[in-house]
Amino acid sequence: MEIALLAGGIALYLRRNAMPAIRKGAVIAFGIALVIVQIGDTYVPRTPLTDKATVTGVWVFYTLFVLVAFAVEKIGSRGKINAPW
């Protein structure tokens, strides 16, 4: 269900936003990476983590996901010169 929601969100994002082909490829690659992380989190067995390790891992990975999404959003966009606030 979560993977279907992720794929649907990516498809909706690609359909509703005009963007260069390089950014579309980056969005698709980022979506595939998120699906791989979801599959790994769901199906790969691992030893239970402590509360502190879980919180640290979540904080680090969510921060990385946000930074990657920000970088993907900046791909192919031009800087605005003398743009009013």
Side-chain angles (χ1 to χ4, degrees):
M1 179 64 125
E2 290 178 14
I3 293 172
L5 286 171
L6 180 61
I10 291 168
L12 184 64
Y13 179 80
L14 290 172
R15 190 176 328 126
R16 306 244 324 153
N17 293 295
M19 63 186 79
I22 186 87
R23 188 185 304 167
K24 283 185 181 183
V27 168
I28 292 168
F30 183 52
I32 290 170
L34 289 175
V35 167
I36 290 170
V37 168
Q38 180 63 41
I39 290 170
D41 187 47
T42 303
Y43 296 111
V44 174
R46 61 183 183 275
T47 58
L49 299 173
T50 65
D51 293 342
K52 186 176 180 180
T54 300
V55 168
T56 303
V58 168
W59 184 80
V60 167
F61 279 103
Y62 274 74
T63 302
L64 287 174
F65 292 153
V66 167
L67 292 174
V68 170
F70 180 75
V72 166
E73 194 64 28
K74 293 297 178 185
I75 292 174
S77 63
R78 298 181 184 176
K80 295 184 179 183
I81 300 172
N82 296 330
W85 291 72

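- Hydrophobic clustering (side-chain heavy atoms under 4.5 Å, transitive across Ile, Leu, Val, Met, Phe, Trp, Tyr) groups Tyr43 together with Val35.
- For Glu2, the CD atom counts as loosely surrounded, since its 6.0 Å shell holds 12 or fewer non-hydrogen atoms of other residues, nucleotides or ligands.
- Hydrophobic clustering (side-chain heavy atoms under 4.5 Å, transitive across Ile, Leu, Val, Met, Phe, Trp, Tyr) keeps Ile32 apart from Leu12.
- What you find for Ala26 and Ile75 is that their closest heavy atoms are CB-CD1, 3.7 Å.
- In terms of heavy-atom proximity, Ala53 sits nearest to Leu49 at CB-CB, 4.1 Å.
- Side-chain contact between Arg23 and Glu73 is present, with heavy atoms from C-beta onward closer than 4.5 Å.
- Tyr62 and Leu5 fall into different hydrophobic clusters, where Ile, Leu, Val, Met, Phe, Trp and Tyr side chains are chained together by heavy-atom contacts under 4.5 Å.
- For the residue pair Phe30 and Phe65, the shortest heavy atom distance occurs at CZ-O, 3.6 Å.
- No single ILVMFWY cluster, assembled from side-chain heavy atoms under 4.5 Å apart, contains both Val68 and Val58.
- Taken to the nearest 0.5 Å, the OG1 atom of Thr56 stands 10.5 Å off from the CG atom of Asp51.
- With contacts defined as side-chain heavy-atom distances shorter than 4.5 Å, the pair Val37/Phe61 does not qualify.
- The closest side-chain heavy-atom distance from Ile28 to Leu14 is below 4.5 Å.
- Rounding to the nearest 0.5 Å gives a distance of 5.0 Å between CG of Asp41 and CZ of Arg46.
- Counting non-hydrogen atoms of neighbouring residues, nucleotides and ligands closer than 6.0 angstrom, the CD1 atom of Ile22 reaches no more than 12 such neighbours.
- In this structure, Val66 is not a member of the same hydrophobic cluster as Leu6, with clusters built from ILVMFWY side-chain heavy atoms closer than 4.5 Å.
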